[in-house]
Amino acid sequence: MKWQGGRKSDNFEDRRGMSGGQKLTLGGVGGIIVLIIGFLMGGDPAQLLQQAQNMTGTEQTGQPREISEEEAKLTDFSRTVLASTEIVWTTLFKEQLGKNYEVTSLVVYDGGTETDGCGVGKASYGPFYCPGDHRIYLDLTFNQELKTKFGAKGEFALAYVIAHEVGHHIQQLVGLLPKTNNMRGKLSEVENNKLSVMTELQADFYAGVWAHHVNKLSDIQIDYNDILDGMAAAEAVGDDRLQTQAQGYAVPDSFTHGTSAQRRAWFKKGYDSGDMTSGNTFEDPSLK
């Protein structure tokens, strides 16, 4: 993957060294998504929910800290990947939807940080998108987790993660996330989980669409080995694999992000097609 020297996004905020608040909003889709990603990262759902209910609000305090050479490289990488998504999605929104693309911002932080509309995000939840403020939140130590905990190798694994979160931003822009949020209160737990799976797999699809166009439209250059790394990363965070690793067995009705095979398949479908309109997971009979 060649990215050095590429344009870096200015839609970036560095909160490393600043302490986050404690309040978590559970009522909106943002809070729900944060908790779901927490479950994906291997957290105990009951424990996370209890922690969330016990949180009280505080202010974001402190100053951004000095960062290491390795952190600086990861920061430049993340900003370059984000810039490539801005270029790709600005083009595709215009060509495929006839609309203007509104960019998202990337917030990097240490441990925990306050959001506008989704309460507090914590590193233990993994990377997440907050629909309330249209921002992506990322503790860059997650890059090491990708390698050591999930076995996802290569730089493209983190690029896939960022592109997946941008996929959630696209869902917000096209009205999908507000629609699914309105549906959640009317569904059973199992039906809500299926809705979450469809939402997450579509974000994987959008990450694949980005990968399809990135060489032609942006400064980043990838090859098929990078795509294989992306598919391996998608497989690594499948619900069936994570649950089996954590407890020795999988419970399909509790899946919220999709199986390893599904995540790989939808990422590859996006990469193969390059058509953002052909990833309607909500109408796919295999996901009903």
Side-chain angles (χ1 to χ4, degrees), residues 3-26 28 30-31 33-43 47-48 51-86 103-150 152 155 157-166 168-169 233 237:
W3 60 271
Q4 290 88 346
R7 182 175 76 81
K8 295 189 284 288
S9 174
D10 292 326
N11 299 300
F12 170 81
E13 184 179 352
D14 189 349
R15 297 185 188 173
R16 287 170 291 193
M18 303 175 71
S19 60
Q22 292 296 307
K23 185 177 179 183
L24 183 65
T25 302
L26 293 176
I33 285 177
V34 169
L35 287 176
I36 287 173
I37 294 180
F39 302 166
L40 173 68
M41 297 305 298
Q47 183 181 16
L48 286 171
Q51 289 173 351
Q53 290 171 334
N54 290 338
M55 289 179 179
T56 57
T58 61
E59 295 294 325
Q60 189 91 24
T61 60
Q63 297 275 341
R65 62 171 173 80
E66 291 187 14
I67 60 176
S68 67
E69 184 176 337
E70 180 181 356
E71 288 175 312
K73 181 180 178 181
L74 275 177
T75 302
D76 287 347
F77 175 80
S78 300
R79 292 178 62 187
T80 304
V81 171
L82 184 63
S84 75
T85 69
E86 293 167 353
V103 298
T104 181
S105 295
L106 175 65
V107 178
V108 295
Y109 66 97
D110 291 329
T113 191
E114 191 77 50
T115 71
D116 295 328
C118 301
V120 165
K122 306 191 87 174
S124 58
Y125 302 156
F128 66 94
Y129 172 74
C130 176
D133 59 21
H134 292 198
R135 291 188 180 105
I136 295 167
Y137 291 84
L138 173 65
D139 184 324
L140 284 170
T141 59
F142 181 73
N143 186 60
Q144 190 61 32
E145 277 197 82
L146 277 173
K147 298 175 182 177
T148 58
K149 186 175 181 179
F150 302 111
E155 289 180 313
L158 182 60
Y160 152 73
V161 169
I162 294 171
H164 172 95
E165 299 307 331
V166 172
H168 286 312
H169 177 61
V237 290

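The structure places CD of Q4 at 6.0 Å from NZ of K73, a figure rounded to the nearest 0.5 Å. Rounding to the nearest 0.5 Å gives a distance of 8.0 Å between NZ of K8 and CH2 of W3. Rounding to the nearest 0.5 Å gives a distance of 8.0 Å between CG of L158 and CZ of F142. Expressed to the nearest 0.5 Å, how far CD1 of I136 lies from NE2 of H169 amounts to 7.5 Å. For the atom pair OG1 of T75 and CD of E70, the computed distance is 10.5 Å after rounding to the nearest 0.5 Å. Rounding to the nearest 0.5 angstrom, the gap separating the CD atom in E86 from the CG atom in D10 is 8.0 Å.
Residues V237 and F150 have side chains in contact (heavy-atom distance under 4.5 Å, counting atoms from C-beta outward). Side-chain contact between S78 and L140 is present, with heavy atoms from C-beta onward closer than 4.5 Å.
The two residues D116 and Y137 have their closest heavy-atom pair at N-OH, 4.1 Å. Contact detail for P127 and V161: the closest heavy-atom pair is CG-CG1, 3.6 Å. Nearest heavy-atom pair, A233 versus A157, reported as atom, atom and distance to 0.1 Å: CB-CB, 4.0 Å. For the residue pair F77 and E155, the shortest heavy atom distance occurs at CZ-O, 3.3 Å. The minimum heavy-atom distance between N11 and T104, with the atom names listed, is CB-O, 3.5 Å.
Around atom CD of E13, more than 12 heavy atoms belonging to other residues, nucleotides or ligands sit under 6.0 Å away.
When each of L74, V107, L106 is paired with L138, the side-chain contact (heavy atoms from CB on, under 4.5 Å) condition holds for L106 and for no other.
Between the side chain of E165 and the backbone N or O of Y129, at least one donor-acceptor pair lies under 3.5 Å. For the pair R15 (side chain) and E114 (backbone), a donor-acceptor distance under 3.5 Å is present. No donor-acceptor pair under 3.5 Å is formed between the side chain of T113 and the backbone N or O of G121.
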Check against side-chain contact (heavy atoms from CB on, under 4.5 Å), V166 and L82: CA-CA 8 Å; V166 172; L82 184 63; 4.2 Å; yes
Salt bridge (Lys or Arg N to Asp or Glu O under 4.0 Å) evaluation trace for R16 with D139: CA-CA 9 Å; R16 287 170 291 193; D139 184 324; over 6 Å; no
